[in-house]
Amino acid sequence: MRPQKVRDHWSDWQPLAGWQPTPATLAETLDGGQAFRWHGAGDIWTGTWSACVTQLRMREGSLEWRSPVSLQTAVSATLPRYLGLDRDWNALTDSLPWRSDAHLAQCIAAFPGLRILRQPFGETLLGFLCSATKQIVQIKQMVALLAERHGVEIRWNAVSGRVQSASRTPRSTLATPNDDAPPCHQLPTWEELAVIPEKDLRQCLLGFRAKYIHATARFIAARPGWLEETEALPYAAAKARLLELPGVGEKVADCVLLFGAGKLEAFPVDTWVLKSLARRYGLDGWKPAPVAHFGRTHFGPLAGLAQQYLFSWERKFGGGR
DNA sequence: TCAAGACCTTT
DNA sequence: AAGGTCTTG
């Protein structure tokens, strides 16, 4: 008889100092398009990165977290950096040119405490390689399928109290992951992705993106250390290297550097930022490249942070059109 | 140098 | 039409 899979219980809720977002700002930060592995249920957000699983909630205006007991050490060691608690976001936001930019001021007021996440670099790259002409819900679906079908299982073993990885998961027969089930798979690494046939990737609803992910995986797997070196480079050099990857253009490269490497000078120009600059800054008809140049000069060295406020506001309040 | 189209699939 | 990129002409 197979040993029964035992899940340990969750730790007690613990306060998380250094960030007091509104519920709306918390939702926008976790599930507004920076990351694709957070799921909200009631007032609890469940998120996954690397081999970590954690939950967040607001209580009396303060942020609390918990994780499976066996993952607690790993989560407590990485959660602060993931959420950007090691940076002074109030000071960073204050140094944006909101005093001379009424629209930016309005965006900041609408999302008080908005943060830029610092996700694992490789996982960020994978997420945004899935993102071309897709909406957030669909990107989350693709990423969930990649993890469920091709990622190592994250075990929450109460008996051993240790994380046991390296057990390959059986291919799921489900077409879609159960949103109520706790997430229990890591994203596949680039080394793992490199040996997955493109056909199998397409089964994860990736469409033409499967070809990019496959080719990028082969590229990275053939160059040990390439990803880590890229993350460590200054913005311009890191971006030049990311642009070598098939399927990575200006926008994806900037998203990876902003959300996966903490480079606040990255200014991704997607359709929402294009709309924002066209409608609120009079840049109607401008192409992405000139808009990016305008953004960097107008908003300065923290343009990526400004971009996130503009993006969130335009998506939530700007109207479709 | 640049404006279309193609590329997968789903809402 | 959807939070792009790559390839054409």
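All values derive from a computational prediction rather than experimental measurement. Order of the sequence lines sets the chain letters (A, B, ...), proteins ahead of strands, with each chain counted from 1.
- Residue pairs that meet the side-chain hydrogen bond (donor to acceptor under 3.5 Å, both in side chains) test with at least one member in residues 292-302 of chain A, sequence neighbours left out, are A:Asp101-A:His298, A:Tyr235-A:Arg296, A:Asp254-A:Arg296.
- In this structure A:Phe219 satisfies the ring pair (Phe, Tyr, Trp, His ring centres under 6.0 Å) test together with A:Trp226, sequence neighbours excluded.
- Stem regions for DNA chain B, each three or more consecutive Watson-Crick or G-U pairs with both distances under 3.5 Å and listed by first number, read B:2-7 with C:4-9.
- Interface residues of residues 207-214 of chain A facing DNA chain B, ordered by number: A:Gly207, A:Phe208, A:Arg209, A:Lys211; criterion, heavy-atom separation under 4.0 Å.
- The salt bridge (Lys or Arg N to Asp or Glu O under 4.0 Å) analysis of residues 74-84 of chain A, with sequence neighbours excluded, yields no pairs.
- Comparing the P positions of B:dC8 and C:dT8 gives an interatomic distance of 14 Å, to the nearest angstrom.
- Listed by residue number, there are no residues of residues 123-130 of chain A with a heavy-atom contact under 4.0 Å to DNA chain C.
- With a heavy-atom cut-off of 4.0 Å to chain A, the contacted part of DNA chain B has its first and last nucleotide at B:dA3 to B:dT10.
- Residues from residues 239-258 of chain A placing a heavy atom under 4.0 Å of any atom in DNA chain C, listed by number, are A:Leu245, A:Pro246, A:Gly247, A:Val248, A:Gly249, A:Glu250, A:Lys251, A:Val252.
- For the salt bridge (charged side-chain N to carboxylate O under 4.0 Å, His left out) test, residues two or more places apart in sequence or in another chain that qualify with A:Glu229 are A:Arg241.
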Show each protein N/O and nucleotides 7-9 of chain C N/O combination with a separation under 3.5 Å, one pair to a line.
none

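- Under the salt bridge (Lys or Arg N to Asp or Glu O under 4.0 Å) criterion, the residue pairs touching residues 40-64 of chain A are A:Asp43-A:Arg59, A:Arg57-A:Glu64, with sequence neighbours excluded.
- Residue pairs meeting the side-chain hydrogen bond (donor to acceptor under 3.5 Å, both in side chains) criterion with at least one member in residues 109-125 of chain A, sequence neighbours excluded: A:Arg118-A:Glu231.
- Comparing the same atom, P, in B:dA3 and in C:dG3 gives a spacing of 23 Å after rounding to whole Å.
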